[in-house]
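One structure below.
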Amino acid sequence: MGQGHGTVALRRGRDAGVLPQGHPLGSKLEIPLWLAKGLHDSKRRIISVELPKIYKEAWRTVFSADANVVDLHKMGPYYYGFGSQLLNFENPENPEIAQTILQTFVARFRRIMDSSQNAYNEDTSALVARLDQLERALFQVGQKGLNDFQSWEKGQASQITASSLVQNYGKRKLTEVDG
């Protein structure tokens, strides 16, 4: 399955004339997710969507056993984002898919953050290569936090500043008092 693409089966409908030449009804095609959403609206039902294998029951069993052994990047670099978009299509397995996506994230989150915090000046390429794009972003944020802390601890940080949340909270409090 190409990332951002899913396999769909074409069905007969009032708009069946839009089928590409050489693709009989029931054909399976890989199309972009945005196109599948448009063709799968609740009125026309031009297509049906087939789940990519990583979201099917066999893989859900693997994830529930040990989500950390799966190379999510190899299986689809946008596992969480693409999976959550698949929930927009009516499928009887949606509750199980949603639960698996959530449990996978929870199971892998701690290891990702632990690794990002305990890998100062170490080669983390083997770990990062197996991560989904969202996980990679989390890992990078953890690494930045670790590096910033190490710089501060060594006296190399220029100045500690309040986070934007704290700054905005203070501004909001002042406007409440003025108002």
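When a residue number appears, it is its place in the shown sequence, counting from 1.
Rounded to the nearest 0.5 Å, atoms CG (Leu39) and OG (Ser48) are 11.5 Å apart. Atom CD of Gln99 is separated from atom CG of Asn94 by 13.0 Å, given to the nearest 0.5 angstrom. Note that CD of Gln143 and OG of Ser115 are 9.0 Å apart. Values are rounded to the nearest 0.5 Å. Ile112 CD1 to Gln140 CD: the interatomic distance, rounded to the nearest 0.5 Å, is 11.5 Å. Taking OG from Ser116 and CG from Leu138, the interatomic distance works out to 8.5 Å, rounded to the nearest 0.5 Å.
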Practice task
Start with the C-alpha gap between Lys53 and Met75, add the side-chain angles, then the distance that decides, and say whether side chain to side chain contact (heavy atoms under 4.5 Å, CB included) holds.
Solution key: CA-CA 9 Å; Lys53 68 181 180 178; Met75 297 305 292; 3.8 Å; yes
Problem - Check against side chain to side chain contact (heavy atoms under 4.5 Å, CB included), Gln85 and Tyr78 - result: CA-CA 11 Å; Gln85 290 298 313; Tyr78 299 95; over 6 Å; no
Handout entry: Chi angles and distances behind the side chain to side chain contact (heavy atoms under 4.5 Å, CB included) call for Phe139, Leu127
Key = CA-CA 10 Å; Phe139 184 86; Leu127 168 69; 3.6 Å; yes
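The shortest heavy-atom contact between Asp71 and Ala129 is OD1-O, 3.8 Å. Between Pro52 and Phe82, the shortest heavy-atom distance links the atoms CG-CE2, 3.7 Å.
A donor atom on one side chain and an acceptor atom on the other are not found under 3.5 Å apart for Gln150 and Asn147.
Glu93 has its side chain out of reach of Tyr55: every pair of non-hydrogen atoms, C-beta onward, lies at least 4.5 Å apart. Between Tyr79 and Ile101, some side-chain heavy-atom pair lies under the 4.5 Å cut-off. Between Thr104 and Ser64 there is no side-chain heavy-atom pair separated by less than 4.5 Å. For the pair Pro32/Leu35, a side-chain contact is recorded, criterion being any heavy-atom separation below 4.5 Å from C-beta on. Put simply, the side chain of Leu131 does not reach to within 4.5 Å of the side chain of His73, judged on heavy atoms.
No side-chain donor-acceptor contact under 3.5 Å links Asn68 to the backbone of Arg111. Judged by distance alone, with hydrogens and angles left aside, the side-chain atoms of Arg130 form a donor-acceptor pair with the main-chain N or O of Val69 at under 3.5 Å. Without hydrogens or angle criteria, Asp132 side chain to Leu72 main chain gives no donor-acceptor distance under 3.5 Å. Counting only distance, with no hydrogens or angles, the side chain of Arg60 and the backbone of Ile97 share no donor-acceptor pair below 3.5 Å. A donor-acceptor pair under 3.5 Å is formed between the side chain of Arg108 and the backbone N or O of Val70.
Listed by first and then second residue, the ring pair (Phe, Tyr, Trp, His ring centres under 6.0 Å) pairs involving residues 98-117 are Tyr80-Phe105, Phe105-Phe109 (not counting sequence neighbours).
Residues Val106 and Leu134 fall into different hydrophobic clusters, defined by Ile, Leu, Val, Met, Phe, Trp and Tyr side chains chained together at heavy-atom separations under 4.5 Å. Follow the hydrophobic side-chain contacts under 4.5 Å out from Val62 and you reach Leu86 in the same cluster.
A salt bridge links Asp148 with Lys144: the distance from a Lys NZ or Arg NE/NH1/NH2 to an Asp or Glu carboxylate oxygen falls below 4.0 Å.
For Gln103, the CD atom sits in a packed shell: over 12 heavy atoms of surrounding residues, nucleotides or ligands are nearer than 6.0 Å.
Applying the side-chain contact (heavy atoms from CB on, under 4.5 Å) rule to Lys56 yields the partners Glu50, Leu51; only residues at least two apart in sequence or on another chain are considered.
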